[in-house]
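The sequence lines fix the lettering, A, B, ..., with proteins before strands; numbering per chain opens at 1.
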Amino acid sequence: MPKAGTSTARSEPQPLPPRSALPRRFFAADPEILARKLLGCTLVRILADGTRLGGVIVETEAYLGAIDRAAHTFGGRRTARNESMWGHPGIAYVYFTYGMHWCMNISAGALGDPVAVLLRALRPTEGLERMRELRAAGGRRKTPLADTELCAGPARLCQALAIDRSLDGLDLTAAGSPLFVERRKQDRVSDDQVARGARIGIAYAGDWAARPLRFAVRGSPFVSRPRL
DNA sequence: ATGACGATTTACT
DNA sequence: GTAAATCGTCATA
């Protein structure tokens, strides 16, 4: 075996080979297309202390902008809060809701087109212990958190990955970003594994409430309730 | 300045 | 199944 001349001497074993963040062109798609493509991709969060948290995206929702009554940008509304939806594809739109929760979107389409994809659930794959701590956050809990409850919901996944206002507007495609998306062959989701249905929590949206703009991996126990 | 409302989660009946 | 928690944001005045 050729040990000679190997300059590959690795002093530190890497838990995983280095992977590159998906580039802007991946996100520059119609939100419906992007919502589908994001299934099976991995959301990665690097904490300030270097801890790496991550999970495979198993549920998303598309928000179609000015025409979409359920979107924060319906009617072309442009406010301080939703400014990130108007920005470059591949930036984070993180908003606060119900007086206590954060939710994360990825801006889609083109610059100036206020469309986005809401991340609703992950299958956690890295840093589960730290996620449990983040999800515990103060309040003691009646029952211990199952892995399937860690990131099953838009606010839950943000709490588990320490995503809040400080990450709003962050460019997920920038070098060294503490939040980005990867794609691995092994996690590829085929079309017959994709379930579609009505979006959650938008009953006020009239005709748009019934549109099948929610996407999920069929049969995944990591998807939020109600299951598709 | 004020009031109404959430792209939710949790606990409880 | 129902209800409470909890407050930033935005439209209206």
Side-chain angles (χ1 to χ4, degrees), chain A residues 30-32 34-36 38-39 43 55 57-87 91-109 113-122 124 131-169 195-216 221-228:
Chain A
D30 288 339
E32 259 183 278
L34 182 60
R36 160 67 183 90
L38 281 168
L39 296 180
L43 181 67
I57 297 167
V58 296
E59 182 185 353
T60 58
E61 282 177 359
Y63 285 85
L64 307 199
I67 59 171
D68 181 357
R69 184 148 194 179
H72 291 162
T73 50
F74 175 61
R77 282 194 304 269
R78 186 167 189 162
T79 67
R81 177 174 75 150
N82 70 26
E83 183 61 28
S84 294
M85 276 187 79
W86 293 85
I91 74 173
Y93 168 43
V94 181
Y95 68 90
F96 186 70
T97 192
Y98 289 104
M100 60 194 106
H101 300 301
W102 298 98
C103 295
M104 175 189 169
N105 297 253
I106 301 177
S107 187
D113 192 8
V115 298
V117 175
L118 174 70
L119 303 185
R120 288 197 57 92
L122 312 176
M131 288 188 198
R132 263 185 280 276
E133 294 173 10
L134 286 160
R135 287 276 285 118
R140 44 194 165 279
R141 190 172 292 273
K142 181 149 269 184
T143 59
L145 265 177
D147 290 355
T148 51
E149 303 275 301
L150 274 180
C151 301
R156 287 168 162 186
L157 77 86
C158 283
Q159 188 179 29
L161 299 202
I163 294 167
D164 64 16
R165 187 54 180 267
S166 67
L167 300 183
D168 182 43
R196 296 183 59 155
R199 293 172 293 180
I200 302 300
I202 54 153
Y204 57 83
D207 297 342
W208 284 86
R211 290 254 203 150
L213 296 173
R214 182 188 185 202
F215 297 75
F222 299 95
V223 168
S224 71
R225 306 294 185 79
R227 297 277 177 67
L228 261 173

Within the structure shown, what part of the strands sits under 4.0 Å from [X] by heavy-atom distance: base, sugar-phosphate, or nothing?
{"X": "A155(A)", "result": "sugar-phosphate"}
{"X": "L118(A)", "result": "base"}
{"X": "M104(A)", "result": "nothing"}

By a 5.5 angstrom centroid cut-off and a 30 degree plane limit, is there stacking between Y204(A) and dG6(B)? no

Specify the closest pair of heavy atoms between [X] and [Y], including all atoms of both residues, with the distance to one decimal.
{"X": "P154(A)", "Y": "L118(A)", "answer": "CB-CD1, 4.2 Å"}
{"X": "R78(A)", "Y": "E83(A)", "answer": "NH2-OE2, 2.8 Å"}
{"X": "A70(A)", "Y": "R199(A)", "answer": "CB-NH2, 3.6 Å"}
{"X": "G87(A)", "Y": "S107(A)", "answer": "O-OG, 3.4 Å"}
{"X": "A121(A)", "Y": "V223(A)", "answer": "CB-CA, 4.1 Å"}
{"X": "A71(A)", "Y": "Y63(A)", "answer": "CA-CD2, 3.9 Å"}

Between [atom2] of [N] and [atom1] of [X], the distance in whole Å:
{"X": "R225(A)", "N": "dG1(C)", "atom1": "CZ", "atom2": "P", "value": "12 Å"}
{"X": "H101(A)", "N": "dT8(B)", "atom1": "NE2", "atom2": "P", "value": "9 Å"}
{"X": "E59(A)", "N": "dT8(B)", "atom1": "CD", "atom2": "P", "value": "10 Å"}
{"X": "Q159(A)", "N": "dT9(B)", "atom1": "CD", "atom2": "C1'", "value": "9 Å"}
{"X": "L119(A)", "N": "dT8(B)", "atom1": "CG", "atom2": "P", "value": "13 Å"}
{"X": "R199(A)", "N": "dG6(B)", "atom1": "CZ", "atom2": "P", "value": "14 Å"}
{"X": "F74(A)", "N": "dG6(B)", "atom1": "CZ", "atom2": "P", "value": "13 Å"}

Okay, side chain of [X], backbone of [Y]: is any donor-acceptor separation there less than 3.5 Å?
{"X": "W102(A)", "Y": "A162(A)", "answer": "no"}
{"X": "E61(A)", "Y": "R120(A)", "answer": "no"}
{"X": "N82(A)", "Y": "H72(A)", "answer": "yes"}
{"X": "R156(A)", "Y": "A152(A)", "answer": "yes"}

Kindly say if [X] contacts the phosphate of [N], meaning a side-chain N or O under 4.0 Å from OP1 or OP2.
{"X": "R214(A)", "N": "dA7(B)", "answer": "no"}
{"X": "H72(A)", "N": "dA7(B)", "answer": "yes"}
{"X": "R135(A)", "N": "dT10(B)", "answer": "yes"}

Distances under 3.5 Å only, N/O to N/O: pair up the protein atoms with those of nucleotides 2-5 of chain B.
none

Looking at the side chain of M100(A), which of dT9(B), dA5(C), dA7(B) is the nearest nucleotide? dA5(C)

Go along nucleotides 8-13 of chain C 5' to 3' and tag each nucleotide: B for a protein heavy atom under 4.0 Å from its base, S when only backbone or sugar atoms are that close, - otherwise. SSSS--

Would you please test D168(A) and R165(A) for side-chain contact (heavy atoms from CB on, under 4.5 Å) and show each step? CA-CA 5 Å; D168(A) 182 43; R165(A) 187 54 180 267; 3.9 Å; yes

Pairwise side-chain contact, L228(A) with F215(A), heavy-atom cut-off 4.5 Å (strictly under): no

DNA chain C in dot-bracket form (Watson-Crick or G-U pairs under 3.5 Å, [ ] crossing, | inter-strand) is |||||.||||||.

